[in-house]
Amino acid sequence: MTIIPLPDIAATQALATRIAARLRPGDVLALEGTLGVGKTTLARELLRALGHEGEVPSPSFTIIETYDPPAVRLPVVHADFYRLEDPAEAEEIGLDDYRHGAVLIAEWPDHAGGFGHEADCLTLRLEIAENGRQAIVLPGKGWLERLP
Ligand SMILES: Nc1ncnc2c1ncn2[C@@H]1O[C@H](COP(=O)(O)OP(=O)(O)OP(=O)(O)O)[C@@H](O)[C@H]1O
Ligand SMILES: [Mg+2]
């Protein structure tokens, strides 16, 4: 377990850049943490680091937003599962199909049943810190030799 201080958005951006360089299809980035802790901010910086230019809307209402090459280095599904009332709804909205060949960036992953059992899941647990935020990094097996 590693704790990474994120005192400001620039630090969030630096972390996102390091992770983005190591992403491959099938990965999950599980962004945990309370309301307003900075999950969408990190997702936005990840998408920018993967090449996306322009807006990154929060998927809090649409639940899923997709990004495809060539605008990004690899396909990305950005999801916010907050509004799911039951984890089974993730399957009903076609999450498995969206995920095929893509990276999943998941806010509120526990509302979709959680992804920590997947080897290629990197969990980033965001917390309020004395100075800005901090991220607790919890890598799945597939991330052990890939960690920045
Ligand atoms: N590293 C950071 N240091 C200081 N402020 C930050 C940092 N990261 C994000 N913030 C600020 O936190 C606020 C909320 O961020 P964000 O919308 O990303 O949270 P969220 O976790 O996605 O919230 P929600 O649970 O509602 O989806 C924003 O004002 C953002 O600027
Ligand atoms: Mg959000």
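Order of listing sets the numbers, starting from 1, for every ligand and every atom in it. Only heavy atoms go into these numbers, but all of them, side chains included; no hydrogens, no water, no symmetry mates.
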Of the choices [options], which has the non-hydrogen atom that lies closest to [atom]?
atom                    : options                    : result
atom 1 (N) of ligand 1  : Leu42, Val37, Thr12, Thr34 : Thr12
atom 22 (O) of ligand 1 : Leu126, Ile9, Thr40        : Thr40
atom 11 (C) of ligand 1 : Gln134, Glu32, Arg133      : Arg133

How large, to 10°, is the angle at the Mg ion (ligand 2) when you draw lines to OG1 on Thr40 and to OE1 on Glu107? 80°

Would you give the length of the straight line joining atom CG of Leu46 to atom CG of Leu15, rounded to the nearest 0.5 angstrom?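 So the gap between those two atoms works out to 7.5 Å.
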
Verify the distance criterion only: is there a donor paired with an acceptor across the side chains of Glu32 and Thr123 at less than 3.5 Å?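 No, no side-chain donor-acceptor pair sits under 3.5 Å.
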
Would His111 and Glu89 count as having a side-chain donor-acceptor pair, cut-off 3.5 Å?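 Not at all, the side chains of His111 and Glu89 share no donor-acceptor pair under 3.5 Å.
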
Considering only protein heavy atoms, which is closest to [atom], and at what distance to one decimal place?
atom                    : result
atom 19 (O) of ligand 1 : Gly38 N, 3.0 Å
atom 27 (O) of ligand 1 : Glu107 OE1, 3.4 Å
atom 25 (O) of ligand 1 : Lys39 NZ, 2.8 Å
atom 15 (O) of ligand 1 : Thr41 OG1, 3.5 Å

Ile64 versus Tyr98, closest heavy-atom pair with distance: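 The pair with the smallest heavy-atom distance is CD1-CD1, 3.6 Å.
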
Look at ligand 1 and say whether [X] reaches it with a heavy atom at a distance under 4.0 Å.
X      : answer
Trp108 : yes
Gly36  : yes
Pro7   : yes

May I ask you to list the atoms of ligand 1 that are less than 4.0 angstrom from any heavy atom of Leu35?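 Once the distances to Leu35 are compared, the set is 25 (O), 26 (O).
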
What atoms in ligand 1 come closer than 4.0 Å to a heavy atom of Leu6?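 Result: 1 (N), 2 (C), 3 (N).
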
With Ile19 as partner, the option from Asp27, Leu147, Leu124 fulfilling side chain to side chain contact (heavy atoms under 4.5 Å, CB included) is Leu124

With distance as the sole test, does [X] use its side chain to make a donor-acceptor pair with the main-chain N or O of [Y] at under 3.5 Å?
X      : Y      : result
Arg44  : Val56  : yes
Arg146 : Asp120 : no
Arg22  : Arg18  : yes

Among all the protein's heavy atoms, is there at least one whose distance to atom 29 (O) of ligand 1 comes out below 4.0 Å?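 Protein heavy atoms within 4.0 Å of atom 29 (O) of ligand 1 - there are none.
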
Please check if atom CD in Glu145 has more than 12 non-hydrogen atoms from other residues, nucleotides or ligands closer than 6.0 Å.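 Above 12, so yes.
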
